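Numbers here simply count residues along the sequence, with the first being 1. Bear in mind that the values here come from a model prediction, so they are computed numbers and not experimental data.
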Amino acid sequence: MGEKKNRPRIPESVKRELWIKAGGRCEFRGCNKYLYKDGVTKQPRNLANIAHIISWTETGPRGNENSERLAADISNLMLTCSEHNNLIDDPQYVELYPVELLQQYKREHEERIYRVTGMGQEYGVRIIKMISKIQNQVPIISDKAVSEAIIPYYPLESDIVIDLTNVEDITSAKKQIERLIDLHIISDQKQESYCIFIMSKIPYACYLGYMLGNKVKSEPYQFFRDTQDWKWKNGEFGHFQVIKPEKENQRAEVNLLVEISGNIDHALIPDNLTYSIKADNPGFMFIQSKEQIVEFQIKFRELLNEIREIHGEQVIIQLIIAAPNPISFEIGKCIMKNIDPTIFLYDKVDEDIKYQKVMCLHSRIRMQG
C-alpha cells in the first residue's frame with residue numbers, strides 16, 4: 001500500500017486573498033452565508049471551509065492529472081460553509097457539481113463582491129420595513145430579498161423596522177409610525193436615501209408615505225407574488241386613466257377612488273360626486289415597474305390640484321383605495337401639507353359592510369388672513 005498523502009498546506013497569503021475575494025461569505029450559489037460570526041451567539045468565529053474545485057488528489061472529487069499542481073492555486077479554491085463543502089464532495093452528488101459549474105459559482109460570487117464593495121458611499125441606502133398582520137398572517141420581509149431588489153445600491157448597517165403586527169387600532173399604529181419617523185428620520189441630519197418595503201394594511205402604508213412626505217428621498221418597492229421577490233420589472237406595462245364626473249359643479253365633499261388592484265363597488269361608498277384614478281386593467285399583478293409609480297404620482301397630483309381648483313380649498317375629499325402598498329405609500333407621500341384640502345381615508349374590513357371612515361389622513365391648514 002502507498003503512503004497516505006497529507007493535504008498540501010495552503011499559504012496564509014492565498015487564504016487571505018480568498019477571504020477578501022469572497023467577502024467572507026460562502027461562494028456556493030444561493031448561500032452567501034457570512035462565515036465569521038456564529039449564527040446563534042453572534043460571536044466572532046471562523047466558520048469557513050476552503051474547498052477544492054479540482055481535488056488535491058487525482059482520485060478525489062473532480063480530481064485529474066493537474067490535482068497536485070492546483071492544490072494551493074487560488075483559482076481552484078472556493079470559500080464555503082461546511083454544509084456546501086460537504087455537499088459538493090459527497091459521492092452521491094459530486095456529479096451534479098462538475099468543475100465548470102463550481103468555477104462559474106466562484107466567478108459569479110467574486111465578481112459580485114468586487115462590484116458591490118467598489119461602490120461609493122452614495123450607493124448606500126437605509127431600508128425601512130413596515131409589516132402588519134394581513135388576514136391574521138404575519139408577513140416576512142427577508143434581508144436577502146431586500147438586498148437583491150435594491151442592486152446596484154446596498155443597505156446601510158441598520159434597518160428601520162416598523163412592526164405593527166400587535167397593533168389593533170389605527171390610532172396606535174399612527175403613533176408608532178410617528179415615533180419611529182421622528183426618532184430615525186426627522187432628527188437625522190445625514191439626508192439619507194430610503195428604500196421602502198411594506199407588507200401592511202392600506203391605511204398604514206398611506207400614513208407612512210404621508211409622514212415621510214416629498215422632502216425625504218424615498219422609493220417604495222413592490223412584492224411580486226409570482227416570483228416571490230421585490231425586483232422591479234423592465235418593459236412596457238399598463239397605464240392609468242382618470243375618470244371625472246360629467247358635471248363638476250362645486251361640492252362640499254367629493255369621493256376620490258384609486259382602483260389599481262381591483263374595482264371599487266360604488267354602492268359601498270359615500271353618495272358624493274366621484275373622481276377616480278383607475279388601472280386600465282385592474283388586478284393584483286398590474287403594478288410591475290418603477291415607471292408606473294411615476295406615472296401614478298403625476299396623475300394623482302394633477303387630480304388633487306384639479307379638485308381643489310373646482311371645489312375650493314374647503315372641500316373634503318373622501319379617499320377610497322384599492323391598491324398595492326407602493327401606490328398607497330405614494331398617495332400619502334404626494335399630499336402637499338400646506339396646499340391640499342382635508343382628506344379622510346376610508347377602508348373596508350368586512351366584505352359585507354360599506355367602506356367606513358378610518359382616519360383623517362390630512363387636515364387642511366387654514367390660510368392666514
Side-chain angles (χ1 to χ4, degrees), residues 7 9-53 72 74-90 93 97 102-131 138-163 165 180 183-184 188 190 192-197 199 221 228-231:
R7 174 171 166 159
R9 177 181 171 275
I10 300 173
E12 290 301 315
S13 60
V14 174
K15 293 181 183 179
R16 184 166 54 249
E17 184 179 354
L18 180 61
W19 265 88
I20 291 170
K21 287 185 172 181
R25 295 181 178 275
C26 177
E27 295 190 288
F28 188 89
R29 181 188 283 167
C31 181
N32 204 44
K33 180 180 179 180
Y34 185 54
L35 299 173
Y36 205 74
K37 182 188 290 185
D38 185 88
V40 177
T41 67
K42 308 303 180 185
Q43 293 173 328
R45 184 184 173 201
N46 186 348
L47 301 172
N49 285 233
I50 295 180
H52 285 83
I53 296 175
I74 193 169
S75 68
N76 188 48
L77 304 176
M78 292 177 67
L79 197 71
T80 68
C81 63
S82 59
E83 178 183 357
H84 289 114
N85 184 23
N86 292 333
L87 176 66
I88 64 176
D89 288 349
D90 190 319
Y93 304 110
Y97 301 103
L102 294 180
Q103 288 174 336
Q104 184 178 351
Y105 284 7
K106 175 181 171 68
R107 182 174 61 255
E108 287 175 354
H109 181 92
E110 293 178 6
E111 286 177 353
R112 178 167 59 86
I113 293 297
Y114 182 81
R115 183 174 66 251
V116 170
T117 55
M119 295 175 182
Q121 182 64 27
E122 68 273 14
Y123 282 88
V125 294
R126 288 290 297 279
I127 304 300
I128 298 179
K129 297 178 182 177
M130 187 168 76
I131 60 173
V138 177
I140 296 174
I141 303 174
S142 77
D143 293 336
K144 182 175 182 291
V146 166
S147 297
E148 291 174 349
I150 66 175
I151 290 173
Y153 298 93
Y154 63 89
L156 295 174
E157 185 64 24
S158 57
D159 296 344
I160 300 169
V161 179
I162 305 175
D163 186 348
T165 54
L180 290 170
L183 178 64
H184 293 288
D188 180 24
K190 298 178 184 178
E192 294 176 326
S193 297
Y194 297 87
C195 292
I196 316 297
F197 294 80
M199 297 186 82
Y221 284 75
Q228 293 291 296
D229 63 33
W230 297 79
K231 299 176 185 177

| query | Does some side-chain heavy atom of Arg126 sit less than 4.5 Å from a side-chain heavy atom of Ser158? | reply | yes

| field | Pairwise side-chain contact, Val14 with Arg9, heavy-atom cut-off 4.5 Å (strictly under) | value | no

| For Leu35 and Trp19, which heavy atoms make the closest approach, and how far apart are they? | O-CH2, 3.7 Å

| query | Do Ser82 and Leu47 touch side chain to side chain, with heavy atoms closer than 4.5 Å? | reply | no

| Within residues 146-155 or reaching into it, pairs that qualify as salt bridge (charged side-chain N to carboxylate O under 4.0 Å, His left out) - sequence neighbours excluded | Lys144-Glu148

| query | Which value, rounded to the nearest 0.5 Å, describes the distance between Tyr221 atom OH and Ile141 atom CD1? | reply | 13.5 Å

| Which atom names give the shortest non-hydrogen contact between Gly24 and Tyr34, and what distance separates them? | O-CD1, 3.6 Å

| request: Check the surroundings of atom CZ in Arg45: do more than 12 heavy atoms from other residues, nucleotides or ligands lie under 6.0 Å from it? | output: no

| message | The criterion is side-chain hydrogen bond (donor to acceptor under 3.5 Å, both in side chains); which residues satisfy it with Glu12, sequence neighbours excluded? | response | Lys15

| query | What is the minimum heavy-atom distance between Asn85 and Ala51, and which atoms define it? | reply | OD1-CB, 3.3 Å

| task | List for me each residue that meets salt bridge (charged side-chain N to carboxylate O under 4.0 Å, His left out) alongside Lys21, sequence neighbours excluded, and say none if there are none. | result | Glu17

| Would you say Glu192 and Val125 make side-chain contact, with heavy atoms under 4.5 Å? | no

| field | Heavy-atom closest contact (Leu18 atom, Glu110 atom, distance) | value | CD1-OE2, 4.0 Å

| message | In the structure I gave you, are the side-chain heavy atoms of Cys81 and Phe28 within less than 4.5 Å of one another anywhere? | response | no

| query | Measuring from Met199:CE to Ile140:CD1, what's the distance to the nearest 0.5 Å? | reply | 9.0 Å

| task | With rounding to the nearest 0.5 Å, note down the distance linking NE2 in His52 to OG1 in Thr80. | result | 11.5 Å

| said: I'd like to know whether Ile160 forms a side chain to side chain contact (heavy atoms under 4.5 Å, CB included) with Tyr194, so could you lay out the CA-CA distance, the side-chain angles of the two residues, the decisive distance to 0.1 Å, and finally the verdict. | reply: CA-CA 10 Å; Ile160 300 169; Tyr194 297 87; 4.0 Å; yes

| query | Can you tell if the side chain of Ser147 reaches within under 4.5 Å of the side chain of Tyr154, non-hydrogen atoms only? | reply | no

| query | In Å, rounded to the nearest 0.5 Å, how long is the span from NZ of Lys129 to CD1 of Ile196? | reply | 12.5 Å

| query | Quick check: are there more than 12 heavy atoms from other residues, nucleotides or ligands sitting under 6.0 Å from CD of Glu83? | reply | no

| message | Rounded at 0.5 Å granularity, tell me how far CG in Asn76 sits from CD1 in Ile53. | response | 5.5 Å

| query | Which residues satisfy the side-chain hydrogen bond (donor to acceptor under 3.5 Å, both in side chains) test with His109, sequence neighbours excluded? | reply | Arg112

| task | State, with a plain yes or no, whether a side-chain heavy atom of Val146 is found less than 4.5 Å away from one of Trp230. | result | no

| message | If you apply the rule side chain to side chain contact (heavy atoms under 4.5 Å, CB included), what do you find for Ile50 with Arg7, and how did you get there? | response | CA-CA 12 Å; Ile50 295 180; Arg7 174 171 166 159; 4.1 Å; yes

| task | Nearest 0.5 Å please: distance from the CG atom of Asn86 over to the CG atom of Asn49. | result | 7.0 Å

| task | Evaluate side chain to side chain contact (heavy atoms under 4.5 Å, CB included) for Ile127 paired with Asp143, printing each intermediate quantity in order. | result | CA-CA 10 Å; Ile127 304 300; Asp143 293 336; over 6 Å; no

| query | Ignoring hydrogens and geometry, is there a side-chain-to-backbone donor-acceptor pair from Glu27 to Leu79 under 3.5 Å? | reply | yes

| request: Would you please name every residue forming a side-chain contact (heavy atoms from CB on, under 4.5 Å) with Ser75, sequence neighbours left out? | output: Asp73

| task | Would you check if His184 and Ile162 make a side-chain contact, meaning some heavy-atom pair closer than 4.5 Å? | result | no

| field | Heavy-atom closest contact (Cys195 atom, Ile150 atom, distance) | value | SG-CG2, 3.9 Å

| query | Looking at residues at least two apart in the chain, or sitting in another chain, which of them share a side-chain hydrogen bond (donor to acceptor under 3.5 Å, both in side chains) with Ser193? | reply | none

